[in-house]
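In what follows, a structure is listed as structure tokens, so that the remarks can point back to it.
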Amino acid sequence: MGLPVLGILTLYLNDNGALEERPIYQRMSLAGKKLGLDVFVFTPQDVNYKQNRIHAHVYNPATKSWTRRWSSFPNMIYDRCRIQRSHRFQQLLHFRKQYGHLTFLNRVLRNKWTVYKTMRKEARFRAHLPLTRMYESPQDLTEMIRKYPLVYLKPINGTGGRGILRIERHQDGTYLIQGRDQSRRIISPQRVPLSSLHKRLASWNLKSNRYLVQQGIQLKLSNGRVHDYRMLVQKNGEGIWEVTGCAGRIGAPRSITSNLHGGGEAVTMKALLGRWIGNEETAEKVKKTAEELGVQISSFLEQSYGRLCELALDLAIDRKGHIWLLEVNPKPAREVFIQAGEKETYRRAIIRPLEYALWLHDQKKLRKEKSTIRDETNPDT
Ligand SMILES: Nc1ncnc2c1ncn2[C@@H]1O[C@H](COP(=O)(O)OP(=O)(O)O)[C@@H](O)[C@H]1O
Ligand SMILES: [Mg+2]
């Protein structure tokens, strides 16, 4: 019998067949070989539904190139598809439905609002969730900005810091609006009285674009740049959730988001937290608490939404060392660790899903064997 096969499910980025994350998949293919796992990459467009075959992308280490090969279905599927506004995303929904019975390393998470509501139900997470509500009318923003001096507005399906606004209430009764538009461009800051706040935001169509209004956490460093943390939680080769790593991110100057694609910079958690908290002992405690929380959140979301193999959490740590969950990312990039100079964490981040896949495959085999033995020893049942 051949090696177990893992199919990485992704989407073409355009109609010319460009694939996202090809270098990562290349690494995964190589690492898979060493571990005893065959890895190929495919998109829903490459599936022949009639013949149940896949026109897969295969990395050939000998020639260091990608080739195509017709393959049967893989033993397991690792879903790396990120939301796209295109016909390709519709094909993905169809594929997930049609082949939902196959073994997926990870099922889909929901939008920011649904995940928030699910987590709010758990008392143990409540203190870590910035208060959030759906923007239904200007009233929602008015009430939130009365309650909190800082509020973030973000689209429920947004990514990479796109379309995010930050509203800060000032002592003199004015409100500072900053943010990034849908193309992630920094907008010019505006200071307005409450009476014109909503007028200024009218063009953002906060209701029809389905925005969240969220309690803002004060995260400006002494140089005025915002910061937060990216924690990667993954299942290991024994099927157990573990924190692979956590890196700090410092937003670009004048940016209200820390995302790397928006010009953010990655640093080690130790350096950033030490600088923010000051006291090394406290910083160490906060780090530990954050890690425990990360594992709890991941395992809870898995119970809620179905099998998962990894999640990246955007965490904020305020001046008091309190941890806040800003966002849960089901399809995390791993580059933050390379950029923070954490090579070993980056390597582990790539290998863990493969180790987990192998573990899962073994579990399935064991279960099958057990049920065969049961059937043989107990022919009547
Ligand atoms: N409630 C908040 N308080 C302070 N900063 C926030 C808040 N929400 C988001 N941010 C900043 O904006 C960035 C992007 O927000 P996030 O919710 O992660 O959306 P996206 O999906 O676009 O990454 C965060 O990484 C953080 O820097
Ligand atoms: Mg984010």
Side-chain angles (χ1 to χ4, degrees), residues 82-84 109-116 119-120 127-135 140-141 144-145 147-169 176-187 204 209-221 224-233 246-267 269 272 276 290 294 297 310-320 322-336 339:
R82 297 181 174 136
I83 242 174
Q84 258 188 28
L109 215 62
R110 305 300 193 281
N111 66 52
K112 290 179 165 76
W113 176 233
T114 309
V115 170
Y116 172 79
M119 293 193 57
R120 273 290 295 186
H128 300 285
L129 300 171
L131 200 81
T132 305
R133 56 163 97 170
M134 225 24 226
Y135 183 99
D140 289 305
L141 174 58
M144 287 290 278
I145 197 70
K147 198 163 173 184
Y148 302 106
L150 187 63
V151 159
Y152 267 71
L153 287 161
K154 22 191 209 189
I156 60 168
N157 276 324
T159 54
R162 286 184 192 82
I164 296 190
L165 288 167
R166 178 189 203 262
I167 321 257
E168 191 171 40
R169 166 157 51 84
L176 176 64
I177 309 172
Q178 292 169 284
R180 287 178 182 265
D181 64 17
Q182 283 305 335
S183 327
R184 227 193 265 131
R185 273 186 298 261
I186 294 183
I187 59 163
W204 289 76
N209 286 331
R210 301 209 293 163
Y211 265 73
L212 295 177
V213 196
Q214 183 170 82
Q215 168 189 0
I217 314 299
Q218 197 57 261
L219 299 167
K220 277 199 178 157
L221 299 166
R225 290 165 70 174
V226 298
H227 79 287
D228 63 7
Y229 298 89
R230 184 36 97 86
M231 175 182 280
L232 180 62
V233 194
C246 186
R249 298 184 301 187
I250 301 177
R254 298 184 304 113
S255 170
I256 54 117
T257 57
S258 69
N259 305 61
L260 300 187
H261 285 302
E265 210 180 286
V267 292
M269 181 183 201
L272 191 56
W276 182 247
I297 290 173
E310 61 186 353
L311 290 173
L313 311 179
D314 289 345
L315 299 176
I317 296 174
D318 67 20
R319 275 272 181 223
K320 292 186 188 139
H322 187 75
I323 300 153
W324 300 89
L325 176 70
L326 301 181
E327 194 206 3
V328 182
N329 299 277
K331 309 286 164 61
R334 293 143 228 273
E335 273 52 45
V336 69
Q339 292 183 29

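Just follow the structure's listing: the first ligand is 1, and inside any ligand the first atom is 1. Keep in mind that what you see is a predicted model, and the values were worked out from it rather than measured.
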Taking the non-hydrogen atoms of [X], is any one of them nearer than 4.0 angstrom to ligand 1?
X    : result
G216 : yes
R166 : no
H227 : no

Would you say the side-chain atoms of [X] pair up with the backbone N or O of [Y], donor to acceptor, closer than 3.5 Å?
X    : Y    : value
R82  : T159 : no
W276 : I317 : yes
R230 : V336 : no

With a 4.5 Å heavy-atom cut-off, do [X] and [Y] have their side chains touching?
X    : Y    : result
P155 : R162 : no
L212 : M134 : yes
D314 : R249 : yes
N329 : L311 : no
I187 : L165 : yes
H128 : H322 : yes
I256 : Y152 : yes

Which one holds for [X] and ligand 1: side chain close, backbone close, both close, or neither close, with close meaning a heavy atom under 4.0 Å?
X    : result
V226 : neither
I164 : side chain
N329 : neither

Please report which non-hydrogen protein atom sits nearest to [atom], along with the residue it belongs to and the distance in Å to one decimal place.
atom                    : result
atom 16 (P) of ligand 1 : E327 OE1, 3.6 Å
atom 10 (N) of ligand 1 : Y152 CE2, 3.5 Å
atom 12 (O) of ligand 1 : T257 CG2, 3.3 Å
atom 3 (N) of ligand 1  : I217 N, 2.9 Å
atom 8 (N) of ligand 1  : K154 NZ, 2.8 Å
atom 23 (O) of ligand 1 : N259 ND2, 3.0 Å
atom 22 (O) of ligand 1 : G161 N, 2.6 Å

E265 vs R225, test: salt bridge (charged side-chain N to carboxylate O under 4.0 Å, His left out). Steps then yes/no.
CA-CA 11 Å; E265 210 180 286; R225 290 165 70 174; 3.2 Å; yes
Please identify which atoms of ligand 1 are closer than 4.0 Å to at least one heavy atom of [X].
X    : value
Q214 : 1 (N), 2 (C), 7 (C), 8 (N)
R249 : 25 (O)
K112 : 17 (O), 19 (O), 20 (P), 21 (O)
D314 : 18 (O)
G158 : 21 (O)

Restricting to heavy atoms, the pick from L325, D228, I256, T159 nearest atom 24 (C) of ligand 1 would be D228
Heavy-atom count check: over 12 atoms from other residues, nucleotides or ligands less than 6.0 Å from R120 CZ?
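Above 12, so yes.
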D314: which N/O/S atom is nearest the Mg ion (ligand 2)?
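Of all N, O or S atoms belonging to D314, OD2 is the one nearest the Mg ion (ligand 2).
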Looking only at N, O or S atoms, find the one in E327 nearest to the Mg ion (ligand 2) and name it.
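The closest N, O or S atom of E327 to the Mg ion (ligand 2) is OE1.
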Among Q215, Q214, K154, find the residue that satisfies the side-chain contact (heavy atoms from CB on, under 4.5 Å) test when tested with T132.
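Answer to the side-chain contact (heavy atoms from CB on, under 4.5 Å) test with T132 among Q215, Q214, K154: Q214.
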